[in-house]
Amino acid sequence: MSYHIVVCGSIVPDPLQTLTPMDGPQGPALKNEMMLPAVLDPWAGHALFEAANLARKLPDCKVWLVSLGPKAKLQQVMMAVAQKAPFQFVAVDGPASGFTDSFAVAESLAQAIENIADLDKGKLLLFGGWQSASRGSGSTIQMVAERLGIVDQFQGVDKLTVTDDGIEVLERVDGGAWLASKVEGAPAAFGWATGELPEPPNNPQVGMMNMKSIMPALQQAKPAQPGTGFKVQGVSVPQVVRETRIVKDMPVDDIARELVDWIKA
């Protein structure tokens with residue numbers, strides 16, 4: 001049993017940076033966006049690591065990473081990501097901010113996937129983040145799947161197990177519980193939550209192998225304008241609300257009692 005796994009994952013500003021929205025010539029943007037260090041979207045990172053782990057355990061599996069973003073930023077991020085897991089890279093040159101239309105982004109990603117020469121859609125497992133660190137709308141993977149004609153879709157996936165008669169899936173639901181499902185096989189789409197795998201250590205040999213596809217993919221990246229016709233009226237940073245009371249030498253019993261009262265309120 002073999003699968004062709006396509007992971008959709010873009011880049012986002014490093015979460016340790018302070019993000020300041022501003023009005024740009026083409027609508028809302030982030031202040032000094034091109035100067036901010038970028039990383040692979042953490043949700044997409046989980047999907048990529050799970051894809052690589054699945055491909056390692058099954059015969060004749062292939063993994064592609066399809067990313068939409070500015071080429072210069074993609075190159076910067078892939079220098080680090082390439083050492084984490086083996087994949088074939090497919091780049092689409094376009095904006096990676098959170099102020100783009102997810103429907104148009106999904107269309108650009110779907111076109112890029114359809115143009116992968118060696119992809120067998122009968123074996124396709126579409127991976128991506130359940131949500132995104134740039135917007136968290138959780139809609140892009142669903143629309144990419146719809147565009148590719150994939151009707152078996154799972155969101156909030158924490159675990160995927162391939163068995164002799166299909167694929168067992170655990171989807172995250174409220175209360176720390178999972179919804180267990182089973183699908184016969186490909187094609188299917190999976191929006192990953194955090195999965196179960198830690199971030200793999202860097203492997204320079206994997207990085208050298210991946211760079212063989214990354215540099216040509218960046219050179220051949222086709223431009224996309226997913227923001228056309230989409231307008232954001234305005235953006236602002238959420239206001240932080242903190243009600244802190246500083247009390248010195250407060251007895252532990254009183255602290256506990258106050259916490260219990262707060263929880264019960």
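Smallest separation of non-hydrogen atoms from Leu125 and Ala186: CD2-CB, 3.9 Å.
Residue pairs meeting the ring pair (Phe, Tyr, Trp, His ring centres under 6.0 Å) criterion with at least one partner in residues 167-195, sequence neighbours excluded, are Phe127-Phe190, Phe127-Trp192, Phe154-Phe190. Legend: ring pair (Phe, Tyr, Trp, His ring centres under 6.0 Å) pairs involving residues 40-67, not counting sequence neighbours, sorted by first then second residue: His4-Trp64.
In the hydrophobic clustering (ILVMFWY side chains linked at under 4.5 Å, chained through shared members), Leu179 is joined by Val173. Listed by chain and number, the hydrophobic cluster partners of Ile263 are Trp262, where partners are ILVMFWY side chains within reach of under 4.5 Å, directly or through others.
The side-chain heavy atoms of Val81 and Leu48, taken from C-beta on, include a pair separated by under 4.5 Å. A 4.5 Å side-chain heavy-atom check between Phe87 and Met78 finds at least one atom pair inside the cut-off.
In this structure a side-chain-to-backbone donor-acceptor pair under 3.5 Å is present from Asn210 to Ala85. A donor-acceptor pair is defined here as one N or O able to donate and one able to accept, closer than 3.5 Å; such a pair exists between the side chain of Glu171 and the backbone of Gln155. Under the 3.5 Å distance criterion, the side-chain polar atoms of Asp14 are left unmatched by any main-chain donor or acceptor of Val39. The main-chain N or O of Leu36 is found under 3.5 Å from a side-chain atom of Lys73 such that the two form a donor-acceptor pair.
For the 3.5 Å distance criterion, the side chains of Gln111 and Glu107 qualify, holding a donor opposite an acceptor.
In this view, Asn202 and Lys84 satisfy the side chain to side chain donor-acceptor pair (under 3.5 Å) rule, not counting sequence neighbours. Partners of Arg257 under the side chain to side chain donor-acceptor pair (under 3.5 Å) rule, at least two apart in sequence or in another chain, are Asp254.
Counting non-hydrogen atoms of other residues, nucleotides and ligands closer than 6.0 Å to CE of Met79 gives a total of 12 or fewer.
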